2 protein chains.
Amino acid sequence: MSKGQSTKRVILDEATEIASRTGLQALTIGTLAARTELSKSGLFAHFRSKESLQLEVLRHARDRFVDLVIRPALATPRGEQRVRALFEHWLSWCRGDALEGGCIFTAAATEFDDQPGAVRELLVNDERDLADTVAQVFRTGISEGRFRADADPYQFAQDLHGILLAYVHTARLLADPKAEQRARRAFEALLDAAR
Amino acid sequence: MSKGQSTKRVILDEATEIASRTGLQALTIGTLAARTELSKSGLFAHFRSKESLQLEVLRHARDRFVDLVIRPALATPRGEQRVRALFEHWLSWCRGDALEGGCIFTAAATEFDDQPGAVRELLVNDERDLADTVAQVFRTGISEGRFRADADPYQFAQDLHGILLAYVHTARLLADPKAEQRARRAFEALLDAAR
DNA sequence: GCCTAAAACGAACGGTCGTGCTAAAAAGGG
DNA sequence: CCCTTTTTAGCACGACCGTTCGTTTTAGGC
């Protein structure tokens, strides 16, 4: 790997960390340069615009998400077990085990849901892919006979997402230690209802 | 009402609208002044700092939320009916019927969940109050015998919040027209499980 | 170890940010 | 209608924003 690529990865790691805490808008080139001990112009040269930086941060975060959540889930046996693995890894992601600032997508989603542009479009694509993946994983549970045949996979996907979003809200903002336990209970109830 | 108070209300109305779309951070004094056709300094005189503006916007939005969601719900008969009213008005709020930009609290929550300060504290207080209110409304459903006596009111509050958050995400970001229908299904499933 | 290409820097740009200060305009009770 | 108080405007400030450009430093193949 060339020098340029390696420093770019350092930059993106730090940028992803900052963005997960303060959002993609508040991620400023000046502070990012200071944090990585680079000059503003030296850093800027790696990206040709701020929007491009935001896009690369989002892609970088998505790669991490796939590595830490999606892939491990798909590595477990099809059916209910895989659904459980997906939930557990996703919960860990939201807890901030990977990014100290918590789920960067949740932050970006509320930041850009009303602001048209390339960032929003990338975000929409990623989130649609995620919903598709969740629905597909759930479908394998149906075909394995663990869930009702008439259960709606996309209903499951939206419900599961809600459990995670509520967990993030209750745990991170309200600092309620029971949030995780409630998320687990909600997940079990969701599985029960699908059986 | 004095002139100052009336223009202040105009400012706060506009500010709440902007903040619901772009967030409290992106709500800038310059653009707010342009939008209300006031000079920057003239507008600034009404608040003594940006943080104070953000706090007043949040309080203004909370008052609207109480008027449009909490009060109408409390005006319906105790028990399941009141729980349903709370859900329906809250859903309408999230749909953007009141604020074009959608739920301002959801946006602010993800924006400030990692940023200590007075804004975060106010937000935490408001959201705790909301959770308490939801739990209390659910409790009346228990005492009316509509829900299981051993159901956990705060579990219900977190679950209900998740349904709304997932609705916002799916409807506003993904622009999925089925989001609302799924939110209603999830709500009915939540009630069923509580019976 | 040289030479080219890549990478990082320093300085500057036009703008906008939040925030003061002072003066003008408007409001409104007497 | 005057006089005081309240409300608004004008102007300036230092800081930081994203971005450009020309120069200097570093990599890394030959």
Side-chain angles (χ1 to χ4, degrees), chain A residues 1-19 21-60 107-108 111-112 115-120 122, chain B residues 1-19 21-60 107-108 111-112 115-120 122:
Chain A
M1 182 169 45
S2 75
K3 180 80 203 309
Q5 285 175 314
S6 90
T7 55
K8 189 163 185 173
R9 217 175 53 172
V10 171
I11 295 173
L12 284 177
D13 277 339
E14 187 64 42
T16 309
E17 189 65 40
I18 296 176
R21 255 194 282 267
T22 59
L24 272 177
Q25 317 249 42
L27 170 65
T28 198
I29 292 177
T31 60
L32 183 56
R35 208 70 91 83
T36 53
E37 290 179 326
L38 278 163
S39 71
K40 227 171 57 156
S41 56
L43 184 144
F44 186 83
H46 285 275
F47 317 88
R48 297 171 318 286
S49 70
K50 166 136 197 212
E51 189 179 53
S52 144
L53 166 65
Q54 292 174 325
L55 291 172
E56 295 218 39
V57 168
L58 232 38
R59 278 190 271 261
H60 189 68
E111 235 180 317
F112 286 90
Q115 296 183 177
V119 176
R120 194 199 127 98
L122 177 60
Chain B
M1 183 166 49
S2 76
K3 180 81 203 305
Q5 285 175 315
S6 89
T7 56
K8 190 163 184 174
R9 219 175 53 173
V10 171
I11 295 173
L12 284 177
D13 278 339
E14 188 63 42
T16 308
E17 189 64 40
I18 296 176
R21 254 194 283 265
T22 59
L24 273 177
Q25 318 248 40
L27 169 65
T28 198
I29 292 178
T31 58
L32 183 55
R35 208 68 93 82
T36 53
E37 290 180 326
L38 277 164
S39 71
K40 225 171 59 158
S41 56
L43 184 144
F44 185 80
H46 285 275
F47 317 88
R48 297 171 317 284
S49 70
K50 167 137 197 211
E51 189 179 53
S52 143
L53 166 67
Q54 291 175 326
L55 290 172
E56 295 217 40
V57 168
L58 232 39
R59 277 191 272 262
H60 190 68
E111 234 180 319
F112 285 90
Q115 297 184 173
V119 176
R120 194 200 127 99
L122 177 61

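Quick note on labels: first sequence line is chain A, next is B, and so on, each numbered from 1. Given the structure is predicted, the values throughout are model-derived calculations rather than measurements.
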Problem set entry | Short side-chain N/O contact from S41(A) to OP1 or OP2 of dT20(D), under 4.0 Å | no

Exercise. A45(B) near the nucleic acid: base, sugar-phosphate alone, or nothing, with a heavy-atom cut-off under 4.0 Å?
Worked result: base

Exercise. Separation of E51(B) atom CD from dT19(C) atom C1', in whole Å?
Worked result: 14 Å

Exercise. Are OP1 or OP2 of dT16(C) and a side-chain N or O of T28(B) less than 4.0 angstrom apart?
Worked result: no

For this session: In whole angstrom, give the distance that lies between atom CE of M1(A) and atom P of dA6(C).
Result: 18 Å

Problem set entry | Atom-pair distance (NZ on K3(A); P on dG29(D)), nearest Å | 15 Å

Problem set entry | Nearest to side-chain heavy atoms of I29(B), which nucleotide of dT7(D), dA9(D), dT19(C) | dT19(C)

For this session: Starting from P on dG10(C), measure out to CG on L38(A) and report it in whole angstrom.
Result: 11 Å

Exercise. If only side-chain N and O atoms of H46(A) are considered, is one of them under 4.0 Å from the OP1 or OP2 phosphate oxygen of dA6(C)?
Worked result: no

For this session: Let me know, please, whether G30(A) or T7(B) comes out on the 5' side of the other along DNA chain D by nearest nucleotide.
Result: T7(B)

For this session: Kindly say if S2(B) contacts the phosphate of dT7(D), meaning a side-chain N or O under 4.0 Å from OP1 or OP2.
Result: yes

Exercise. Thinking salt bridges, do E17(A) and R35(A) make one under a 4.0 Å N-O criterion?
Worked result: no

For this session: Could you tell me whether the side chain of Q54(A) reaches within less than 4.5 Å of the side chain of L27(A), counting heavy atoms only?
Result: no

For this session: Calculate the interatomic distance between Q25(A) atom CD and dG18(D) atom P; express it in whole Å.
Result: 11 Å

Seminar exercise, completed: Between R48(A) and E37(B), whichever has its closest DNA chain D nucleotide further toward 5' is E37(B)

Problem set entry | Of the listed nucleotides dC17(C), dA9(D), dA8(C), the one nearest the side chain of T31(B) | dC17(C)

Exercise. Is the distance from OP1 or OP2 of dG18(D) to the nearest side-chain N or O of K50(A) less than 4.0 Å?
Worked result: yes

Exercise. Hey, does the side chain of K40(B) come within less than 4.0 Å of dT16(C)'s phosphate (OP1/OP2), counting only N and O?
Worked result: no

Exercise. Looking across every strand, which nucleic acid part, if any, lies under 4.0 Å from L43(A) by heavy atom: base, sugar-phosphate, or nothing?
Worked result: nothing

Exercise. Distance from D13(A) atom CG to I18(A) atom CD1, nearest 0.5 Å?
Worked result: 11.0 Å

Exercise. When the distance from CG of L24(B) to P of dG18(C) is rounded to whole Å, what number comes out?
Worked result: 12 Å

Problem set entry | Euclidean distance, L58(A) CG relative to L122(A) CG, rounded to 0.5 Å | 5.0 Å

Exercise. Can you check the F47(B) CZ to dG20(C) C1' distance for me, whole Å?
Worked result: 17 Å

Exercise. Tell me: CD of Q5(B) to C1' of dG28(C), nearest whole Å?
Worked result: 14 Å

Problem set entry | Euclidean distance, E37(B) CD relative to L43(B) CG, rounded to 0.5 Å | 12.5 Å

Exercise. Going from NZ on K8(B) to OG on S2(B), what distance comes out if it is rounded to the nearest 0.5 angstrom?
Worked result: 10.0 Å

For this session: Return the nearest nucleotide to the side chain of F44(B); candidates are dT19(C), dG18(D), dT8(D).
Result: dT19(C)

